[in-house]
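Protein chains get the first letters and strands the later ones, always in sequence-line order, with residue 1 at the start of each.
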Number of protein chains: 2
Amino acid sequence: MKWSFDHDRPIYTQIIEQMKLFIASGEYRAGEKLPAVREMAQEAGVNPNTMQRAFSELENAGLVFANRTSGRFITEDINMVEKLKEELASEAVRSFLDSMKRIGYDKAKTIELIEKSIEERGDDKDE
Amino acid sequence: MKWSFDHDRPIYTQIIEQMKLFIASGEYRAGEKLPAVREMAQEAGVNPNTMQRAFSELENAGLVFANRTSGRFITEDINMVEKLKEELASEAVRSFLDSMKRIGYDKAKTIELIEKSIEERGDDKDE
DNA sequence: ATTATTGTATTAACTACTTAATACAATAAT
DNA sequence: ATTATTGTATTAAGTAGTTAATACAATAAT
């Protein structure tokens, strides 16, 4: 269940986003070797070209690097990984608050809703 | 500045989303008449067909209705509007918490970040 | 040296979204 | 009755993402 895509956005964009999440969360660790493009493409159920395209952008961002032919690896720069994590979180918060504002909820109501929702999810198995 | 689109999702989808926000927030009120399709298309800078497509889906959802030729109107069902608002908020909260979890933040850290962010935004002009 | 594995590039076809131009359908306004 | 306004439908062309098939490039493994 590693990969899942919706239908109204480019797949390669979603691969980039999900890889960023995997890197930020430590599911893929700094310096870790990745499976081959063809293999990841098969796992994800997409064409190798599509997977390749996603990774070529992740390389431009410096988050992964490729050594022909030993394979592809997550960056070894743990500062970059930490920075990525903070950026993703910051963007998640920003866009959430923006959405709530546009829907018509003020700060107090937003805090109220999120705390209530977290309480209700308190018995979830993970965190 | 009413409409704004990004480039990696279908425009008609984004129109639907933004219209839902306008309806939920009361920017467009229940029963209110909408501008003509051609006019809205011009304002948004898109083709009339694209605008039409978005509204035909909003009609399927029951959020608007069209009277040829008097124009198109927001639903008069205020319960539906209220329900829409709650659904949008619920989805925003759900996806936010999911994102934070995938990035690797636990409940406590998530609450901490959002409260901190709201404090920092406390001097904003609106809400 | 040869082979297998890996990343990378190329070309063609297919699909969905968007635009453009135009026409038709219904009815409110005159 | 005529006209203008509105929603709606149709057809063709353009663009971007995806798939498919294939080939090339570099090097680790043998």
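Here D/dT19 is the nucleotide among D/dG7, C/dT8, D/dT19 with the atom lying nearest to any side-chain atom of A/Asn47. For A/Asn49, counting side-chain heavy atoms from C-beta on, the closest listed nucleotide (C/dT8, C/dA20, D/dT19) is D/dT19. Checking C/dG7, D/dT8, D/dT10 against the side-chain heavy atoms of A/Ala36 singles out C/dG7 as nearest. Of the listed nucleotides (C/dA28, D/dT19, D/dT8), C/dA28 has the atom at the smallest distance from the side chain of B/Ser70. When the nucleotides D/dT8, D/dA26, D/dT10 are ranked by their closest atom to the side chain of A/Thr69, D/dA26 comes out on top. Closest contact between the side chain of B/Arg53 and the listed nucleotides D/dT8, C/dA28, C/dC17 involves C/dC17. Taking only side-chain atoms of A/Ile11, from C-beta outward, the nucleotide of C/dT19, D/dT18, C/dT8 with the closest atom is D/dT18.
Spacing between atom CD1 of B/Ile15 and atom P of C/dC17 amounts to 13 Å, rounded to whole angstrom units. Distance, B/Gln52 CD to D/dA9 P: 7 Å, rounded to whole Å. Atom-to-atom, CZ of B/Arg9 to P of C/dC17 comes out at 13 Å; the value is rounded to the nearest Å.
For the atom pair NZ of A/Lys85 and OH of B/Tyr105, the computed distance is 5.0 Å after rounding to the nearest 0.5 Å.
A cation-pi contact, defined as under 6.0 Å to the ring centre and within 45° of the axis, links A/Lys2 to A/Phe22.
Legend: residues meeting ring-ring contact (aromatic ring centres under 6.0 Å, His included) with A/Phe73, ordered by chain and number and at least two apart, are A/Phe65. B/Phe96 is linked by a ring-ring contact (aromatic ring centres under 6.0 Å, His included) to A/Phe96, counting only residues two or more places apart in sequence or in another chain.
Not one side-chain nitrogen or oxygen of B/Arg72 sits closer than 4.0 Å to the OP1 or OP2 atom of D/dT6. The phosphate of D/dT18 (OP1 or OP2) has no side-chain N or O of A/Tyr12 nearer than 4.0 angstrom.
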Pairs under 3.5 Å (Watson-Crick or G-U), crossing ones as [ ], inter-strand ones as |: DNA chain D comes out as ||||||||||||||||||||||||||||||
Worked verdict on B/Arg9 versus B/Glu17 for salt bridge (Lys or Arg N to Asp or Glu O under 4.0 Å):
CA-CA 12 Å; B/Arg9 289 185 315 152; B/Glu17 289 173 359; 3.0 Å; yes
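Closest-nucleotide positions on DNA chain C for B/Thr50 and B/Arg38 were compared, and the one nearer the 5' end corresponds to B/Thr50. Each of B/Asn67 and A/Thr13 has a nearest nucleotide on DNA chain D; the 5'-most of these lies closest to B/Asn67. For B/Arg68 and A/Gly45, each mapped to the nucleotide of DNA chain D holding its nearest heavy atom, the one lying further toward the 5' end belongs to B/Arg68.
For A/Gln42, the CD atom counts as loosely surrounded, since its 6.0 Å shell holds 12 or fewer non-hydrogen atoms of other residues, nucleotides or ligands.
A/Met51 places none of its side-chain heavy atoms less than 4.5 Å from the side chain of A/Tyr12.
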